[in-house]
K.L.:
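Can you keep this structure in mind? I'll have questions shortly.
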Amino acid sequence: MIPVLIVLNAGSSSLKFQVYDTPDSAEPRLVWKGLYEGLGGAAHFVVRHAGGADLDERLWTSGEEFGHEEALIHLISWLREHQEGRKLAAIGHRVVHGGQSFSGPVLVDDSVVQALEALVPLAPLHQPHNLEPIRIVRRRLPGMPQVACFDTAFHQTQSDIATLFALPREMRDRGVRRYGFHGLSYDYISSVLKDYGPRLAKGRVIVAHLGNGASLCALNNGASVATTMGFSALDGLPMGTRCGAVDAGVIFFMLREMRLSPEEAESVLYKKSGLLGVSGISNDMRVLRSKAATDVNARRAIDLFVYRITREIGSLVAALGGLDGLVFTAGIGENDAATRAEVIKGLGWAGLTLDEAANHNAGPRISLGSGPTAWVIPTNEELVIARQTRGVLGDMRSKLAS
Ligand code: ADP
């Protein structure tokens, strides 16, 4: 029997999964990946082979009451039907917030569940969805080892000063500090930098994770020293629908002068801002790029996105005391050559020179000359969860017996 583990990434109406073989101490090996979307309504399940070829698909009608619990039960039974010599040994979860106490992945037990629930106020829009499948598995498959892997943990190497807000000390004691997110993605990039040269692995590198959520992370010798996201996943760069950094005074204006409730203000900042809010068209970079030549609002949204990235890179270069490399990753970073070109052109002062042809072909190296180098490196957050889950559990075969 080959032990396998499932990696889960749950959202409000979706459940993404990947299934990994973990036969020995080698790198976990992806077998299948898929997702459930439209949970709570007309749900849709699709699963593919690791190589990308479609394997199976199913649709449920909206009357069928198909939510996260039903999706998990369906996934487990789908796995049983298709496993051929494999057996489920563990489940690894993406959990957005590990707070101050979790500086690495952790085996889930009663006290961990309680501690993670206590962190819901720090990430009210994401944490509850991440915890839901953990609770369901504990109910439905008691005894199944589960490991929580955090988006915040990678940033625990930051200095006290880098994580401090200039707020009264009591607020820090209540957990009001900069945490940083996208840590699973930065962990992956950090782990592969050595494949792109020792100057990157040992040097001062800025990673631009540009997807629907977007942030930058400054790495020194592979460890996080600063990042653009702070207390919540709202800070830093403008994103698909999130505002990024705004003057805190804007929030008082929304509450007092515009008379929005806290929930309404939260919804504006998380769901109606960013590329969507500025363009009034879409949160999707592909759509904005297709309209940028003719629509002034699409162009402004992109220009703001690039301007903020370039400015924040300047800030992180200062935090690092210099720059050896810049890495683009995630949906926009990996696929949108125009955004990469615009950002690099704004960084001539830092010694970066764009290699137009390489950028067009997505690199991996997209810079010329002997100054800092720029790269396109696809991220793999799920693999990091698989590695961390196996790391916590040790020998996976021993989990099969229990
Ligand atoms: P998430 O944070 O939801 O995981 P992704 O990393 O998938 O997001 O990134 C989604 C973003 O990537 C969207 O803005 C999308 O338009 C953009 N994107 C994906 N493919 C391309 C492409 N070929 N060209 C430009 N942008 C792209």
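One-based numbering, in listed order, for ligands and for the atoms of each.
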K.L.:
Looking only at protein heavy atoms, which one is nearest to atom 4 (O) of ligand 1, and how far off is it?
P.N.:
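Looking only at protein heavy atoms, the one closest to atom 4 (O) of ligand 1 is Lys16 NZ, 4.5 Å.
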K.L.:
Are more than 12 heavy atoms, taken from residues, nucleotides or ligands other than His82, located less than 6.0 Å from that residue's NE2 atom?
P.N.:
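Atom NE2 in His82 is packed in, count exceeds 12.
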K.L.:
Which heavy atom of Thr22 sits nearest a heavy atom of Ile2, and at what distance?
P.N.:
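So the two residues come closest at N-CG2, 4.4 Å.
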K.L.:
Would you say ligand 1 has an N or O under 3.5 Å from any N or O of Leu210?
P.N.:
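No: no nitrogen or oxygen of Leu210 is under 3.5 Å from one in ligand 1.
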K.L.:
Give the atom numbers and elements of ligand 1 that come within less than 4.0 Å of a heavy atom of Asp284.
P.N.:
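Close to Asp284: 14 (O), 15 (C), 16 (O).
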K.L.:
Hey, is Arg289 close enough to Glu342 for a salt bridge, meaning N to O under 4.0 Å?
P.N.:
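Here Arg289 pairs with Glu342 in a salt bridge, since their nearest N and O are under 4.0 Å apart.
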K.L.:
If we only count N/O pairs under 3.5 Å, is Asn212 in contact with ligand 1?
P.N.:
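Yes.
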K.L.:
May I ask whether atom 14 (O) of ligand 1 is less than 4.0 Å from at least one protein heavy atom?
P.N.:
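It does; a protein heavy atom is within 4.0 Å.
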K.L.:
Could you check atom 20 (N) of ligand 1 against the protein and tell me its nearest heavy-atom contact, residue, atom and distance included?
P.N.:
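Protein heavy atom at minimum distance: Asn335 ND2, 3.5 Å.
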K.L.:
Would you kindly check if the NZ (Lys) or CZ (Arg) of Arg86 is within the cone defined by 45 degrees around the ring axis of Trp32 and under 6.0 Å from the six-membered ring centre?
P.N.:
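Yes, Arg86 lies over the aromatic ring of Trp32.
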K.L.:
Taking only heavy atoms of Gly213 into account, list the atoms of ligand 1 that are under 4.0 Å away from them.
P.N.:
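In order of numbering, the contacting atoms are 2 (O).
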K.L.:
Quick one: does NZ or CZ of Arg308 land under 6.0 Å from the six-membered ring centre of Phe305, within 45 degrees of the ring axis?
P.N.:
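Checked: cation-pi criterion not met.
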K.L.:
Pick whichever of Ile332, Leu275, Val287 has a heavy atom sitting closest to atom 17 (C) of ligand 1.
P.N.:
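When every heavy atom of Ile332, Leu275, Val287 is considered, Ile332 comes closest to atom 17 (C) of ligand 1.
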K.L.:
Any heavy atom of Arg286 sitting closer than 4.0 Å to ligand 1?
P.N.:
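Checking ligand 1 against Arg286, which is what was asked, there is a heavy-atom contact under 4.0 Å.
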K.L.:
Go through the steps for His74 and Trp78 under the test ring pair (Phe, Tyr, Trp, His ring centres under 6.0 Å), then give the verdict.
P.N.:
CA-CA 6 Å; His74 178 263; Trp78 185 92; 8.0 Å; no
K.L.:
Please identify which atoms of ligand 1 are closer than 4.0 Å to at least one heavy atom of Gly331.
P.N.:
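In order of number, 5 (P), 6 (O), 9 (O), 12 (O), 17 (C), 18 (N), 19 (C), 27 (C).
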K.L.:
Would you find a donor on one side and an acceptor on the other, under 3.5 Å apart, between the side chain of Arg340 and the backbone of Asn359?
P.N.:
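Side chain of Arg340 to backbone of Asn359: a pair is present.
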